[in-house]
Amino acid sequence: MFNLFAPQVPSHLVDGLNPPQREAVEYRGDAMLIIAGAGSGKTRVLTHRIAGLIATREAWPSQILAITFTNKAAAEMRERIGQLLGEAVEGMWVSTFHSACVRILRREAPRFGYPQGFTIYDAADSKALMKQIVKALEAESLGVTPAAALNRISGLKNELIDPDGFARSIDGSNPRDTLILEIYRRYQRELQRNKAFDFDDLISETVWMFRSFPEVAALYRRRFRHVLVDEYQDTNHAQYALIRELTRRTEAEHVPADTRIELDPDGSLPPASLTVVGDSDQSIYAFRGADIRNITEFEQDFPGARVVLLEQNYRSTQNILDAANAVIGNNFDRREKNLFTTAGAGAKIVGYTGFSAHDEAQFIADQVHKLRDEGYRYGDMAVFYRTNAQTRALEEILIRSAVPYKLIGGTKFYERAEVKDIVAYLLTIANPADELSVRRIINSPKRSIGPATETAISNFARENDITFREAMGRAGELGLGPKVTRAIAELAEILDRAEASIDPNRSQGPVAVSQLLINLLQDIGYVDKLRATGNPQDEARAENVEELVSVAKEFDKQHPDGILVDFLTEVALVAAADEIDDESGVVSLMTLHTAKGLEFDVVFITGVEEQLLPHRMSADEPGGLAEERRLFYVGITRARKLLHLTLAMQRTTFGESAPSLPSRFLQEVPDALIDWRQPPGMPQTRQLGSSGFGGSARTRESAQMPAGRGLKGTFKPTRENQRFTNRVTGAVRDNSALELATGDRVKHTDFGEGTVRAVLGAGAKRIAEIDFDEVGRKKLLIKIAPIEKL
DNA sequence: TATAACAGTATTTTT
DNA sequence: TACTGTTATA
């Protein structure tokens, strides 16, 4: 037997670890699977393991590739390793799958006929492209929408099935499949023509590249001797294949000549060591092609792999863990695992049923204020929801209640039209072949270049076998009117100038990204035109554009040698969770998916209702319900000290209000663990059943709750519902002129009459603290509160 | 070509 | 509700 343990990992890297954690840090071998329950200290194990490899000189930093789920997690891991080693580590790759692949692809781009500045299409870009194709093929009449086609193609790419492979797998008798195939072919052709990759391509094309160029793969295999992958349960087949390619043995014929690593007797380069960390119970991305088998079959895939189980939880109280264990225990077909802690029972889980989504939100706002008074910071609290649509009511109430918050994800900064416009300019400059981006900017700001003109340019380009962008440079030959010709020529010149200014061979050296952006904005007059309208929305847009300039400035500061494509890569790959700023003292709002990997002292899981959690759409997907349950489990296990489960009796979708039922998952949480501030179900119903809502504890695997004694039948918006004291609406009014003083009596549209206790802040941010006669103390933003002085 | 008005449809989750 | 796409009109 070889010595499978490290030559003395320094004690400060293993002290204080429990035995399995310690094993995970010290084990040496080709493959290790760390099954890490929620909160079991896996980040610690991973960072200590990497630091150990470097400290013992078993590996140079540059021989390490660590894959995380978000860029933020990557940055944190890098920093923690630096702290453990007492110095910053250079040359180590810590990044997401996508970032790592972009890096490789850009470096190797010339080998497969792509420019280094190739464009990365985000979901919206892909959709725009797909819309054109679907329209051209009239596919919609056959029931193939752009979204459906993209979904299908994404699935294929995740499975590493290219158009030819797909062609082989279908029998041709299914017209729908034949159509999808044609769409897939055209879609890839367009991407190729635009010199662009979509998100899925980043992974799959890297795999293809490695397979087509074994000598290139060998370079990376030689370099990365230790590969570590976090959140392994959420890897899809393409990502799995990528890992396999990287950790494969390199045959002697492909081993680079100048290799200084010790080779095996047959001249081959032994495989790199692989460490993966994951938890099947937290797999929530099956819809995106994540394949749980990657983790469940790891031991077959990598014979001799060591498996380490981390079950001790260092995050949550026992009550929270009991709830989590009970819920996830309802998923059959899983490896038994029970989280435990020595932290003590802790507070009970708080339950609350609102009359409406606004009412639910009001409870959260009140609770946030109360907990803040008890010493929790805003930044230690988070609100989770299943769908982004739920944010509306939450935001309305939080604003009105003066709760500082930040939406994580959702309609992101980079998805705003004006920001996309400017980014499209930069994309055009980096990759003139990207016609999608050129077309996006050609008439924005308005230049009187309409569809007819665009077609003319496009035709001219085709006839002369040049790109759309090149055709613009020959505007004079298009035979268009003088005004339009000048507009096109002018834009082409602006772009030429911008391209020239970042030419690395330029005598003064290339201009910084932020300077490029500033010059460009000057040239096109984008901001000025927005400001000129006097429309407050356009003012907000102008501010967003300026925000982008600050982002570029910050980028220049962080990466003094960074070039435009680096900036664009960063922009293309920002993840929702990357936005979280730990220092800012505000409550975080995010989806349950975004919450993965994070933790907060205080957590609110909202909308714990049938049709929402589990979501209605999951009902007819195989395994959908189990995945929803894992999502709920992920949410529960984010909480360190205090967990809230909230729901509403009725919820508005599409502007239509409909009654909702408590989630079946609520029944899975032992009654004794929940302190219901406002239980679901009617008072009468409550006396009948033990768990507080209609029906037995029997859980059906259908989307509907047992109808018999469910709320649906008994619920009427009448007298019975009077017990919902906070019947909150989203009402606001402009109250900026209202002067309030302590002791004033006021009347609020939702809360009734009350007495002002205190007025805090100044100007637009004045906040009144009011004791309402019926519903207790509330904080309100005076500017928009629907109150009047009595 | 640009804009306004209207009708129809869509919300699951995301790198 | 809110956004997108289509159509009518300036």
Side-chain angles (χ1 to χ4, degrees), chain A residues 67-74 95-102 120-124 126-128 131 135 140 145-148 150-151 154 157-158 197-204 231 234-236 238-239 283-290 357 384-393 396 408-412 414-415 417 443-454 480-481 483-484 487 569 572-578 590-597 607 611-621 624 627-628 630-632 634-635 651-657 703 730:
Chain A
I67 302 288
T68 59
F69 201 68
T70 65
N71 291 303
K72 180 163 186 279
S95 71
T96 63
F97 270 109
H98 290 83
S99 300
C101 286
V102 171
I120 302 164
Y121 280 179
D122 67 13
S126 301
K127 192 153 185 191
K131 265 186 186 162
K135 199 168 175 185
E140 206 129 9
T145 62
L150 280 170
N151 247 332
S154 172
K157 288 183 176 180
N158 289 156
F197 287 132
D198 68 14
F199 274 132
D200 299 315
D201 284 337
L202 296 177
I203 315 293
S204 57
E231 307 285 7
D234 284 322
T235 50
N236 60 36
Q239 291 165 333
S283 161
I284 55 174
Y285 283 101
F287 74 92
R288 203 170 78 188
F384 303 154
Y385 36 84
R386 175 70 239 264
T387 68
N388 282 303
Q390 288 167 255
T391 55
R392 190 157 310 150
E396 281 173 14
I408 313 297
T411 310
K412 282 169 241 144
Y414 291 108
E415 285 169 16
N443 198 32
S444 136
K446 298 263 184 301
R447 298 188 178 89
S448 290
I449 301 173
T453 312
E454 262 186 64
L480 296 163
K483 241 177 102 184
V484 187
T569 304
L573 299 180
V574 276
D578 295 342
M590 68 191 86
T591 64
L592 284 162
H593 283 89
T594 302
K596 191 181 76 162
Q611 313 293 321
L612 203 51
L613 184 65
H615 195 276
R616 51 169 69 80
M617 292 301 190
S618 68
D620 29 59
E621 281 164 33
E627 177 143 320
E628 296 290 303
R630 289 193 294 268
L631 196 51
F632 187 48
V634 165
R651 199 165 283 275
T652 310
T653 7
F654 299 154
E656 203 99 330
S657 186

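The figures here come from the full heavy-atom set of this structure, side chains too, leaving out hydrogens, waters and symmetry mates. Sequence lines set the chain letters: A, B, ... in the order given, protein chains first and strands last, and positions in each chain run from 1.
- Where Gly450(A) and Met617(A) meet DNA chain B, the nucleotide closest to each residue was compared, and Gly450(A) sits on the side nearer the 5' end.
- Remark: C1' of dT15(B) and CD1 of Ile203(A) are 8 Å apart, rounded to the nearest angstrom.
- A gap of 24 Å separates the C1' atoms of dG5(C) and dT12(B), to the nearest Å.
- The CG atom of Asn71(A) sits 10.5 Å away from the NE2 atom of His98(A) when rounded to the nearest 0.5 Å.
- Taking every side-chain heavy atom of His615(A) into account, dT12(B) is the closest of dT12(B), dT15(B), dT3(B).
- Taking atom OH on Tyr414(A) and atom C1' on dT14(B), their separation rounds to 17 Å, with Å as the unit.
- Residue Asp198(A) is out of contact with every strand shown, counting any heavy-atom pair closer than 4.0 Å.
- For the 3.5 Å distance criterion, the side chains of Thr591(A) and Asn388(A) fail to qualify, holding no donor opposite an acceptor.
- Between Lys127(A) atom NZ and dT11(B) atom C1' the separation is 11 Å, expressed in whole Å.
- Residue ring and nucleobase are stacked for Phe287(A) and dT13(B), with a centre distance beneath 5.5 angstrom and an angle between planes beneath 30°.
- As a whole-Å value, the separation of Glu628(A) CD from dT12(B) C1' is 8 Å.
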Any chance you could lay out the side-chain contact (heavy atoms from CB on, under 4.5 Å) test for Ser657(A) and Arg651(A), step after step, and finish with the verdict?
CA-CA 6 Å; Ser657(A) 186; Arg651(A) 199 165 283 275; over 6 Å; no

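- Of the listed nucleotides (dT13(B), dT15(B), dT14(B)), dT14(B) has the atom at the smallest distance from the side chain of Tyr285(A).
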Between N or O atoms, less than 3.5 Å apart, protein on one side and nucleotides 1-10 of chain C on the other: list the pairs.
residue	atom	partner	partner atom	Å
dG5(C)	OP1	Lys131(A)	NZ	2.6

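- One interatomic measurement links the two molecules: CD of Gln611(A) to C1' of dT13(B), which rounds to 16 Å at whole-angstrom precision.
- The separation between Glu656(A) atom CD and dT9(B) atom C1' is 14 Å, rounded to whole Å.
- The CG atom of Asn443(A) sits 10 Å away from the C1' atom of dA2(B) (whole-angstrom rounding).
- Residue contacts for Thr453(A): at a heavy-atom cut-off of 4.0 Å it reaches the sugar-phosphate backbone alone, with no base atom in range.
- With 3.5 Å as the limit, one finds a donor-acceptor pair spanning the side chains of Ser154(A) and Asp200(A).
- A distance of 6.0 Å separates CG of Leu573(A) from CZ of Phe199(A), quoted to the nearest 0.5 Å.
- Taking only side-chain atoms of Glu621(A), from C-beta outward, the nucleotide of dT15(B), dT12(B), dT13(B) with the closest atom is dT12(B).
- Between Asp234(A) and Arg288(A), none of the side-chain N atoms (NZ, or NE/NH1/NH2) sits under 4.0 Å from a carboxylate O, so this pair counts as no salt bridge.
- Residue contacts shown for Ala123(A) are absent, as no nucleic acid heavy atom lies under 4.0 Å away.
- Distance CD/Glu140(A) to NZ/Lys131(A): 9.0 Å, rounded to 0.5 Å.
- Nearest nucleotide to the Arg386(A) side chain, out of dT12(B), dT15(B), dT3(B): dT12(B).
- Note on Thr594(A): only backbone sugar-phosphate atoms sit closer than 4.0 angstrom, heavy atoms only; bases stay farther off.
- Of the two residues contacting DNA chain B, namely Pro451(A) and Leu573(A), the nearest-nucleotide position lying further toward the 5' end is that of Pro451(A).
- Arg616(A) has its CZ atom 12 Å from the P atom of dT13(B), to the nearest Å.
- Contact annotation: Asn388(A) reaches the phosphate of dT14(B) (side-chain N/O to OP1 or OP2, under 4.0 Å).
- When all heavy atoms of Gly289(A) and Asn158(A) are compared, the pair lying nearest together is CA-OD1, 4.2 Å.
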